[in-house]
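Each chain gets a letter, A, B and so on, in the order its sequence line appears, and its residues count up from 1.
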Number of protein chains: 2
Amino acid sequence: MNQSKRYLDIVRDIRDMIRHENIKPGDRIPSERELAETMQVGRSTLREALRSLELLGLIETRRGEGTFLSDHRNHKLVEVLSTFVLQDNQSHEDVWETRLLHEVAAIQAICQNEAASQMRVWESLRLRLKDESFMREDFVRELMVLSGNRLSLKIWFLLKQYSGDPYSGTVSFDEIDRMNNILTAIEQQDSETAVREFKAWSEWLQKERIRNGNDS
Amino acid sequence: MNQSKRYLDIVRDIRDMIRHENIKPGDRIPSERELAETMQVGRSTLREALRSLELLGLIETRRGEGTFLSDHRNHKLVEVLSTFVLQDNQSHEDVWETRLLHEVAAIQAICQNEAASQMRVWESLRLRLKDESFMREDFVRELMVLSGNRLSLKIWFLLKQYSGDPYSGTVSFDEIDRMNNILTAIEQQDSETAVREFKAWSEWLQKERIRNGNDS
DNA sequence: CTTAATTTGTCCGTATGTATG
DNA sequence: ACATACATACGGACAAATTAA
């Protein structure tokens, strides 16, 4: 049946074991030697399987302690992809556009969700806008989180880094007005206005950055 | 500096080697023993790194032949993660939403680009719609390509696989009408209608899949 | 067809660093 | 301080598959 690639069988067996034993994230799974014994494989072969799963972020191994099942949501999907997908794509414009794409979608998702748009969060966000130490990034990140799409949030985090920290620096008074307008539109579930205002702010920000030569 | 996890260094080194030596997909990379010697690590440790890269689908090892750099399309990563991580519904939904997010953005980008919306491509695409062997995926992929955002295209490719090939199967007559409507809207640069029609089609497709139980 | 060399696949033994009690 | 359990790492040995002479 499985002529070669024993370590793939091991990956499958470990998955089945986790399912059947009802192992939850954070729980410890049997040690390498135990697994090797029960599965009738060598430790080296078993370790190859464990390493693969670790690189994907599915398990976490700590020397001297053991191997643990990591949170499913912390899968290294985007991190792994970033090193192999994002790198050969040097188009800064694509990265910027794609990031904006996720941000706009987040705003639309929030507007369509009545519960989200009526949240108490907006009030506190408005208050924080007045703080001097408030950063642009905090504002956008809050929107991404509230969209409820964790995968999109993760991708956004990465794209943000690859855009050369587009939200660095502190905000001006003019920008606080912009943000307040966006928040108002969201509270009124006016998706169109919110997106339009956000895009306008984003474009202004991009030009501002180019003018200042922050192209790292 | 690097206290533990030597195999992670090896992963990085191999990646850098591939970059600097300009190794292309299909090319053979040095043997395990050679790499172990040049990198001054044991062969077992090196194999752990290679296994990880193989599970990601980045390399391909054939017994007796060697190790080869594989085409980036063959991501085993997808199968593993889909059976491992995406067990809960929220993750599935996030993937589906994020994919749709990129598709909608692509349509909007095309509509806003006069040159793209007036292209000759649409005619040929209409003709291909009549072909029996025409697949749903061809239609959507064409849209993604024409959006001009290559990064978004790459992300879409992966998300598509993660969704469990949402576009598998052949199209029905009803669907061809839907696609034609979408194309018409795009040609008229009517972004709203195009997006609305596309979303409707996508939702219908999702329900259809759930009804047929294609959840692999 | 046979043989030899190369390469991956697998397992074992041993030593070491680390955390826990 | 000591013992135990565990992951980390290395090198050796042999099997299996492929290729070339």
Which residues satisfy the ring-ring contact (aromatic ring centres under 6.0 Å, His included) test with B:Phe139, sequence neighbours excluded? B:Trp201

Can a side chain N or O of B:Thr45 be found less than 4.0 Å away from OP1 or OP2 on D:dC10? yes

To the nearest 0.5 Å, what is the distance between CH2 on A:Trp122 and CD1 on A:Ile110? 4.5 Å

Measure from OH on A:Tyr7 to C1' on C:dC11 and round the result to the nearest Å. 18 Å

Between CD of A:Glu37 and P of C:dG13 the distance, given in whole Å, is 12 Å

How many Å lie between CD1 on A:Ile10 and P on C:dG9, as a whole number? 12 Å

Could you check whether A:Gln40 gets within reach of a base, just the sugar-phosphate, or nothing at all, counting any heavy atom under 4.0 Å? sugar-phosphate

Here the salt bridge (charged side-chain N to carboxylate O under 4.0 Å, His left out) pairs for residues 33-45 of chain A, sequence neighbours left out, are none

Polar atom pairs (N or O), protein with nucleotides 2-8 of chain C, under 3.5 Å:
residue	atom	partner	partner atom	Å
C:dT7	OP1	B:Arg28	NH2	3.4
C:dT7	O2	B:Gly64	N	3.4
C:dT8	OP1	B:Thr67	OG1	3.2
C:dT8	OP2	B:Glu32	N	2.9

Interatomic distance where CZ belongs to B:Phe68 and P belongs to D:dT18 [whole Å]: 12 Å

According to side chain to side chain contact (heavy atoms under 4.5 Å, CB included), who are the partners of B:Glu203, at least two apart in sequence or on a separate chain? none

With sequence neighbours left out, the residues meeting salt bridge (charged side-chain N to carboxylate O under 4.0 Å, His left out) with A:Asp13 are none

With sequence neighbours left out, the residues meeting salt bridge (charged side-chain N to carboxylate O under 4.0 Å, His left out) with A:Arg128 are A:Glu142

Measure CG/A:Leu35 against P/C:dC11 and give the value in whole Å, please. 14 Å

Watson-Crick or G-U wobble mate for C:dT7, both contacts under 3.5 Å: D:dA16

Rounded to the nearest Å, what distance is computed from the CD atom of residue B:Glu60 to the P atom of nucleotide D:dA17? 17 Å

